[in-house]
Amino acid sequence: MPQNIPDTSAVKRLALLQHGGLRGRFGKTGLSLLRYCQEKIVVVVDRECAGQSLREITQLPLARDIPIVASVIEALPYQPQAVAIGIAAPGGQIPDDYLAELRIAVGGGVSIWNGLHTPLAHDPQIAASLRPGVYVWDMRHEPPGISNGRGRAAGLACKRVLFVGTDMAIGKMTAALEFDRTARDRNLRSKFIATGQAGMMIAGDGVCLDAVRVDFASGAVEEQMMRHGPAHDCLWVEGQGSLLNPASTATLPLLRGTQPTHLVLVHRAGMRHLREFPHVPVPPLDAVVKLYEMVAAAAGAFARVPVVGIALNTWGMADAEARAERDATASLTNLPCTDAVRFGVKPILDAILQQ
């Protein structure tokens with residue numbers, strides 16, 4: 001395991017630091033942890049929602065109504081072993097009010113899981129409170145010893161499925177996790193490959209791709225494939241960014257580093273233009289499918305990689321509307337289509353396993 005990744009399996013009691021994130025725009029990391037790590041989360045810290053029902057606020061399928069408190073001091077009696085920063089703040093910087101809370105956490109013997117760009121291990125007050133069993137996991141580190149990509153993953157026998165998208169932040173990680181969960185339920189040797197901070201908190205390993213210098217990005221992804229591929233039947237690789245997004249540089253290194261056998265295209269149902277760039281339209285999905293297949297194969301430099309299905313994000317839609325979007329998308333692209341959370345992954349997973 002890389003030297004900057006602790007053994008997170010030892011953490012059985014997790015606090016989620018989420019000030020403003022339960023109802024705000026930047027709480028995606030915490031909401032993902034609530035969906036996929038809820039059995040570990042004993043308390044949520046969000047001053048705006050303290051004392052309210054987490055189930056009602058998030059509408060997530062929670063097994064229990066996890067308490068919400070206003071501060072880390074109020075969270076300490078729940079005896080968390082670590083506190084995870086659950087927001088993706090603009091610019092990736094630690095808000096000042098979070099820093100004060102995190103200093104209290106380590107002073108109280110609680111480790112920190114930090115997916116933001118600000119390295120907390122260098123904060124003098126936090127560093128002075130660290131001791132055996134109390135650590136800072138700063139995820140946005142470039143892994144040690146990485147090199148340029150060399151296309152070695154093409155020699156792996158496992159299926160390598162990369163989730164690509166029409167935009168950023170539309171559900172690529174969620175779809176990959178749902179495929180991994182269903183594959184493991186079928187007794188396949190399956191592994192989710194995390195490439196961002198939320199995925200790393202859930203999986204306990206991976207690489208934060210946006211912390212890696214671009215020259216080494218495909219190599220960092222390739223290293224993950226070579227580490228996990230030989231022992232698994234399927235690798236489900238969390239996508240980042242989009243070929244359609246002018247701010248994104250992550251998709252091409254993922255395509256080259258994974259040397260994928262299959263692609264799954266993720267799209268927010270009904271989205272006609274990019275969220276942050278309304279002047280950039282989303283082309284018809286059949287054209288986007290051709291784009292990704294063309295770039296993946298690079299005019300024959302690499303093997304042909306099919307987009308094997310469309311994973312729609314229908315969050316917020318009524319079931320009837322979601323089904324209509326699913327059926328229309330399947331008809332347009334002539335590919336199996338589903339919402340991985342709402343309808344399950346069976347049609348696309350079956351197509352992958354049959355190829």
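Please read all numbers here as calculations on a predicted model, not as lab measurements.
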Query raised in the report: Who passes side-chain hydrogen bond (donor to acceptor under 3.5 Å, both in side chains) against E178, sequence neighbours left out?
Result: Y36, R181
Query raised in the report: With side chains defined as the heavy atoms from C-beta onward, is the minimum distance between V110 and L76 less than 4.5 Å?
Result: yes
Query raised in the report: Rounded to the nearest 0.5 Å, how far does NE2 of H19 lie from CD1 of I85?
Result: 11.0 Å
**Report entry** K172: salt bridge (Lys or Arg N to Asp or Glu O under 4.0 Å) partners, not counting sequence neighbours
**Finding:** none
Report summary line: Those residues at least two apart in sequence (or on a different chain) that pass side-chain hydrogen bond (donor to acceptor under 3.5 Å, both in side chains) with Q259 are none
Query - Test side-chain hydrogen bond (donor to acceptor under 3.5 Å, both in side chains) applied to T258 - qualifying residues, sequence neighbours left out - result: none
Report task. Could you name each residue pair satisfying ring pair (Phe, Tyr, Trp, His ring centres under 6.0 Å) that touches residues 142-167, not counting sequence neighbours? Result -> F163-F179
Requested in this report: Check whether any side-chain heavy atom of H267 lies under 4.5 Å from a side-chain heavy atom of T329, and answer yes or no.
Outcome: no
Please tabulate, for the side chains in residues 289-312, all donor-acceptor contacts under 3.5 angstrom to protein atoms that are two or more places apart in sequence or on a different chain.
from	atom 1	to	atom 2	distance (Å)
Y292	OH	G165	O	2.6
Y292	OH	L243	N	3.0
E293	OE2	V307	N	2.8

Query raised in the report: Which side-chain hydrogen bond (donor to acceptor under 3.5 Å, both in side chains) pairs, counting each pair once, include a residue from residues 208-220, with sequence neighbours left out?
Result: R140-D210, E142-R213
Report task. Enter the distance from L255:CG to L263:CG here, rounded to the nearest 0.5 Å. Result -> 6.5 Å
Query raised in the report: How long is the gap from OG1 on T58 to CD on Q52, to the nearest 0.5 Å?
Result: 11.5 Å
Requested in this report: State the CG-NE2 distance between L244 and H273, to the nearest 0.5 angstrom.
Outcome: 13.5 Å
**Report entry** Point-to-point distance, once rounded to the nearest 0.5 Å, from NZ of K159 to CD of Q355
**Finding:** 7.0 Å
Query - Verdict with supporting geometry, R103 and D123, salt bridge (charged side-chain N to carboxylate O under 4.0 Å, His left out) - result: CA-CA 9 Å; R103 287 168 173 164; D123 177 81; 2.8 Å; yes
Query raised in the report: Below 4.5 Å, heavy atoms only, C-beta onward: do L335 and L285 meet side chain to side chain?
Result: no
Report task. Please identify each residue that fulfils side-chain hydrogen bond (donor to acceptor under 3.5 Å, both in side chains) with E276, with sequence neighbours left out. Result -> R25
Query raised in the report: So which residues get pulled into F216's cluster when ILVMFWY side chains under 4.5 Å apart are joined, directly or through others?
Result: I146, V207, V212
Report summary line: Looking only at heavy atoms, the pair that brings G108 and R131 closest together is C-NH2, 4.3 Å
Query - Partners passing salt bridge (Lys or Arg N to Asp or Glu O under 4.0 Å) against R13 (at least two apart in sequence or in another chain) - result: none
Report summary line: Here the pair of heavy atoms bringing N245 nearest to L274 is CA-CD1, 3.6 Å
Report task. Rounded to the nearest 0.5 Å, what's the gap from CD on Q125 to CG on L120? Could you check? Result -> 12.0 Å
Report task. List for me each residue that meets salt bridge (Lys or Arg N to Asp or Glu O under 4.0 Å) alongside E222, sequence neighbours excluded, and say none if there are none. Result -> R152
Query - Contacts of type salt bridge (Lys or Arg N to Asp or Glu O under 4.0 Å), residue R47, not counting sequence neighbours - result: D97
